[in-house]
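See structure below.
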Protein chains: 2
Amino acid sequence: MKNMSVKKKRNGPIMFPKATLERLKMYHALLQEEKSEYISSEEIARKLSIKPEQVRKDISYLDYSGKPKVGYHISSLVDALDELFGTKLRDNIIIIGAGHLGKALANYKGFVNFGIRVVAIFDNDPEKLGTYVGELVVLPLKDLDRVIRRFNVKIGTICVPGESAQKTVDLLIKKGIKAIWNFAPVILEVPENILVENMDIARSVLTLKHLLDRTPTGKIR
Amino acid sequence: MKNMSVKKKRNGPIMFPKATLERLKMYHALLQEEKSEYISSEEIARKLSIKPEQVRKDISYLDYSGKPKVGYHISSLVDALDELFGTKLRDNIIIIGAGHLGKALANYKGFVNFGIRVVAIFDNDPEKLGTYVGELVVLPLKDLDRVIRRFNVKIGTICVPGESAQKTVDLLIKKGIKAIWNFAPVILEVPENILVENMDIARSVLTLKHLLDRTPTGKIR
DNA sequence: TAGATTGTTAATCGATTAACAATC
DNA sequence: TAGATTGTTAATCGATTAACAATC
């Protein structure tokens with residue numbers, strides 16, 4: 001029977017394994033770069049250093065089928081992934097913290113490809129208030145409520161120092177934010193109905209440090 | 001028999017499961033914030049929304065033991081994690097691309113806690129060459145070779161646009177770089193002895209978008 | 001058609017969890 | 001000591017991989 005996944009979708013949402021979702025994001029990144037019309041599971045696998053069976057299995061979760069003997073029609077597969085991730089639906093997000101990172105994010109032009117628009121950036125530092133970051137003026141936190149309602153903001157981006165991250169998050173949740181995109185290098189406590197995606201940028205380099213010390217390549221430190 | 005992990009370490013390096021390494025980084029983040037002297041697996045688990053058995057299992061990989069009836073001595077456990085990740089050994093890294101993100105990373109003060117020092121930032125845009133980013137002057141790529149040798153640089157940080165990421169990586173590898181910290185939103189092809197850590201910052205928000213559309217909380221889009 | 005590639009079921013593998021012994 | 005908590009073994013669960021049938 002073809003496309004069980006479509007059927008499953010009818011009764012309650014499928015929960016994608018975390019690892020599968022991560023790989024689907026990688027396929028999304030890879031396929032957006034591809035110039036050809038079709039690609040095989042074999043080729044996707046090779047470029048990502050995984051097994052082709054894994055690729056086929058992952059793709060079977062999607063509302064999309066490849067063509068035996070031909071492969072996957074790239075633009076259709078990208079469409080299915082866009083659907084999965086909702087990149088065609090716009091989410092307005094806000095950034096809290098107008099430091100180097102907050103400003104870098106606010107200036108990032110690629111968000112449009114992911115259905116993200118940064119509608120405001122906040123900070124409480126009087127030196128920063130009123131200054132411009134791209135098209136946006138840095139606002140004080142007292143304007144949170146108004147902005148969140150006006151732009152129906154669900155996602156709050158935490159770019160404040162670790163010390164103030166938790167209280168910033170508490171405030172955002174009180175103001176109705178449903179998901180936290182956390183760039184502060186700390187673990188946040190949130191109610192269970194709130195989503196958190198941690199992007200501990202600096203700490204991610206520790207994986208490289210760890211592996212450099214343990215692989216033949218890196219042994220020569 | 002106590003501390004099998006220590007024994008195992010003697011014969012060839014243990015390979016930590018990817019998921020375990022990710023959690024160990026979270027413990028590292030969590031424990032650095034803790035003020036008390038001891039903490040139980042129960043409490044760590046609660047704060048991270050995982051099971052205490054998982055915490056004990058993860059910690060059993062380390063060259064460290066907790067105290068029955070008392071818990072884990074926080075500063076000793078942090079030491080063991082620092083050892084695992086090599087945060088006390090300094091790695092000099094370079095940043096390629098002096099855009100918003102590259103500059104934000106170059107300015108980040110927290111790297112010292114992870115044993116990372118940014119020794120140079122590169123760009124080929126004549127407008128940027130010679131300008132200052134914190135203490136650093138933006139250098140042209142022709143200086144790569146000199147800097148990599150002089151500072152024994154193993155890790156190269158990719159902050160260039162997606163279009164130029166692959167050729168930048170090819171160049172870095174030719175110049176002797178062993179590990180790539182990739183912030184470009186593309187999949188890189190590298191020889192198998194080269195390590196890659198992908199930090200596709202913008203694409204990470206897609207997990208939140210996906211879940212917001214599928215959880216009761218977010219349904220009201 | 002024959003052959004190549006997908007899709008899916010079944011087997012395997014590895015990670016998580018449960019249970020409990022060790023221990024302070 | 002008794003009780004609490006770690007450490008470890010065994011059972012379970014879920015994800016990956018292998019095998020192969022479906023299909024164009």
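Chain letters run A, B, ... following the sequence lines, proteins first, then strands; residues in each count from 1. FYI, side chains are in, hydrogens and waters are out, and symmetry mates aren't considered; it's all heavy atoms of this structure.
Across all strands shown, C:dA21 pairs with D:dT6; the Watson-Crick or G-U wobble distances both stay below 3.5 Å. Pairing for D:dA11 goes to C:dT16, judged as Watson-Crick or G-U wobble with the two contacts each under 3.5 Å.
For B:Glu33 and B:Lys47, the salt-bridge test fails: no basic side-chain N is under 4.0 Å from an acidic carboxylate O. Look at B:Arg56 and B:Glu53 and you find no salt bridge, because none of the NZ, NE, NH1 or NH2 atoms lies under 4.0 Å from a carboxylate O. Between A:Arg46 and A:Glu42, no side-chain nitrogen of the basic residue sits less than 4.0 Å from a carboxylate oxygen of the acidic one, so the salt-bridge criterion is not met.
Mapped onto DNA chain D by nearest heavy atom, A:Arg56 and B:Gly71 fall at different nucleotides, with B:Gly71 at the one closer to the 5' end. For B:Ile39 and A:Val70, each mapped to the nucleotide of DNA chain D holding its nearest heavy atom, the one lying further toward the 5' end belongs to B:Ile39.
Atom OH of A:Tyr72 and atom C1' of D:dT23 are 13 Å apart (whole Å). In this structure, the CG atom of B:Leu62 is 12 Å from the P atom of D:dT8, given to the nearest Å. Distance A:Glu43 CD to C:dA4 C1': 15 Å, rounded to the nearest Å. Between the CD1 atom of A:Ile44 and the C1' atom of C:dT6 there is a distance of 12 Å, rounded to whole Å. We find that NE2 of A:His73 is positioned 16 Å from C1' of C:dT6, with the value rounded to whole Å. Per the geometry, CD belonging to A:Glu42 stands 8 Å off P belonging to C:dT6, to the nearest Å. In this structure, CG of B:Asp63 is placed 15 Å from C1' of D:dG7, rounded to the nearest angstrom.
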Dump every N/O contact between nucleotides 12-17 of chain D and the protein below 3.5 Å, one line per pair.
{"unit_1": "D:dT16", "atom_1": "OP1", "unit_2": "A:Arg23", "atom_2": "NH1", "d": "3.0"}
{"unit_1": "D:dT16", "atom_1": "OP2", "unit_2": "A:Arg23", "atom_2": "NH2", "d": "2.9"}
{"unit_1": "D:dT16", "atom_1": "OP2", "unit_2": "A:Gln54", "atom_2": "NE2", "d": "3.3"}
{"unit_1": "D:dT16", "atom_1": "O5'", "unit_2": "A:Gln54", "atom_2": "OE1", "d": "3.2"}

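Side-chain nitrogen and oxygen atoms of B:Ser40 include none within less than 4.0 Å of the OP1 or OP2 phosphate oxygen of D:dT5. For the OP1/OP2 pair of C:dG7 and a distance below 4.0 Å, the side-chain nitrogens and oxygens of A:Ser65 include at least one atom meeting the criterion. In this structure, B:Ser60 does not reach the D:dG7 phosphate: none of its side-chain N or O atoms is under 4.0 Å from OP1 or OP2.
Ring-plane geometry between B:Phe16 and B:Tyr61 is classed as tilted, the angle between the planes lying from 30 to 60 degrees on a 0 to 90 degree scale. The aromatic rings of A:Phe111 and A:Trp181 lie perpendicular to each other, with more than 60° between the two planes, well past the 30° mark.
Heavy atoms of A:Lys69 sit under 4.0 angstrom from at least one base atom.
Defined by atom type and a distance below 3.5 Å, a donor-acceptor pair is missing between the side-chain atoms of A:Lys57 and A:Thr20.
When all heavy atoms are compared, the tightest approach of B:Gly156 to B:Leu172 is CA-CD1, 4.3 Å.
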